[in-house]
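Step one of this worksheet: look at the structure below.
Just so we're on the same page: letters track the sequence lines, and every chain starts at 1.
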There are 2 protein chains.
Amino acid sequence: MTAPKYKRLAPEDRAAELVEAGLKVLAKGGITAFTIDNLCKASGASRGLIGHHFGGKDGLLAACYAAAYAPLLQVIGTDTPLPLGALLDDLLSDRQFQRDGLNIWLALWGEIAVNPALRAEHLRQYDRYHRAIAAAIASHALAHGRQVDPSRLASGLIALIDGLWVEICIAPDRMDPPAARQLVEAFLAPHTGPLR
Amino acid sequence: MTAPKYKRLAPEDRAAELVEAGLKVLAKGGITAFTIDNLCKASGASRGLIGHHFGGKDGLLAACYAAAYAPLLQVIGTDTPLPLGALLDDLLSDRQFQRDGLNIWLALWGEIAVNPALRAEHLRQYDRYHRAIAAAIASHALAHGRQVDPSRLASGLIALIDGLWVEICIAPDRMDPPAARQLVEAFLAPHTGPLR
DNA sequence: TTTCTTGTTGAACACACATACAACAGTGCT
DNA sequence: AGCACTGTTGTATGTGTGTTCAACAAGAAA
């Protein structure tokens, strides 16, 4: 009767652990800290595992990217489309705006701009995101009798939210979620009608 | 009479060459490509020069950051404050929105979020930027008899512009400078009055 | 031409890094 | 208990990386 040297996990559990470690590493040290050694330290696993489960560092990075996008898509992923106000509440909630999450996005954006594989994946995900937001804007504007270009406004809204993320991330004492929410309303309300 | 083995430059000229090479490297490969070898290849200089002129890689990165910010500060750096419309024209001109420049920002943001020295420098520069834009918004709103919170609107405007940069950079077929300019107007005009 | 200053070079170093792989050991099955 | 499957380990390997530094040479000054 001796203590086991390690715990043997189902592949999906181990993969989830590694992805979580990857997100932690990205949040703390950015893309330059995303190394095998750091990932092993953060996950408690050994060097060989990343190659075994993801085929290499890049595979894990792609999985981390998908994991970072998951909460966004979950917000818009319901069958019955959310009303615009509720959608914004979710997108701008503290849960989404956590500092670590923002650092992860910053780290990934720099890589997406430069890594074709990651970029292709991003465009796919982004497309769903954009369409869901445009739909919410369209139906809101219709209900308030306004005429707008939903696609363009959606692009602007996404850009604004992204920019606010950056500000919160880089200068937290200058911007916070409530102020961000107010600015988003200031952007939308004049075109789509009041949001609540 | 034999050809010289290398050209000897004044320190400031060589430094400028290295910074230019650094920006090129950041634009092409992001922060992970910012290595001594790549920098030497891009600038044509030898390995020892970066240490000699900047004390190390980080020194050059800081200089690259300052160089990336320079055109922004130049726009707002005149003694007589620009009117809001002209300021936006400058900020959203093609010159500012060049793709390479956006990749550089993306690469730097990821590092600023994680590198304290770079971040301190950023906050200094950002503060001037923010104040100049808030001043332009305040005087424009005053002239049009609107009451606004210039500082908050400035934060929103900067966030929107940053977000639009990201979209142009990551998805150029979805966003371009003229559309960006229109969206910025859609954001500001309802609060500050018409921009032209 | 000779001398001096200093920008420049490139090899040498120690370390970080990603990957491959053979040996190992949990865990379920019989 | 014995077996087989496969998740796990950690070392080995080769390459990439940042910095240092002694020697070199371009260009100005005398």
Enumerate the protein-to-nucleotides 26-30 of chain D contacts in which both atoms are nitrogen or oxygen and the separation is below 3.5 Å.
residue : atom : partner : partner atom : Å
dA26(D) : OP1  : K5(B)   : N            : 2.9
dA26(D) : N3   : R8(B)   : NH1          : 2.4

Might you point out which heavy atoms bring [X] and [Y] nearest each other, and give the distance in Å?
| X | Y | result |
| --- | --- | --- |
| F187(A) | G156(A) | CE2-C, 3.7 Å |
| R119(A) | A113(A) | NH1-O, 4.5 Å |
| P177(A) | L92(A) | CB-O, 4.0 Å |
| S43(A) | L18(A) | OG-CD2, 3.6 Å |
| V19(A) | A67(A) | CG1-CB, 3.6 Å |

Study note, to complete from the structure: Separation of dC21(D) atom P from L49(B) atom CG, nearest Å, is 17 Å

Point to revise | W109(A) and Y65(A) aromatic centres sub-6.0 Å | key: no

Review point. Any salt bridge (charged side-chain N to carboxylate O under 4.0 Å, His left out) pairs touching residues 12-22 of chain B, not counting sequence neighbours?
Key: R14(B)-E17(B)

Check your understanding: Can you find a side-chain donor-acceptor pair between E167(A) and Y126(B) that sits under 3.5 Å?
Key -> yes

Check your understanding: Residues in ring-ring contact (aromatic ring centres under 6.0 Å, His included) with H140(A), at least two apart?
Key -> H144(A)

**Study point:** Stretch residues 50-63 of chain B: residues that reach within less than 4.0 Å of DNA chain C through a heavy atom
**Key:** H52(B), H53(B)

Study note, to complete from the structure: Ordered by number, residues from residues 24-47 of chain A within less than 4.0 Å of DNA chain C (heavy atoms) are F34(A), T35(A), I36(A), R47(A)

Just how far is it from atom [atom1] of [X] to atom [atom2] of [Y], taken to the nearest 0.5 Å?
| X | Y | atom1 | atom2 | value |
| --- | --- | --- | --- | --- |
| D100(B) | I104(B) | CG | CD1 | 6.0 Å |
| I112(B) | L106(A) | CD1 | CG | 8.5 Å |
| L39(B) | K57(B) | CG | NZ | 8.0 Å |

Practice item. Give me the bend of the helix from dT1(C)-dA30(D) to dT30(C)-dA1(D), using the axes of the five pairs at each end, rounded to 10°. Key: 0°

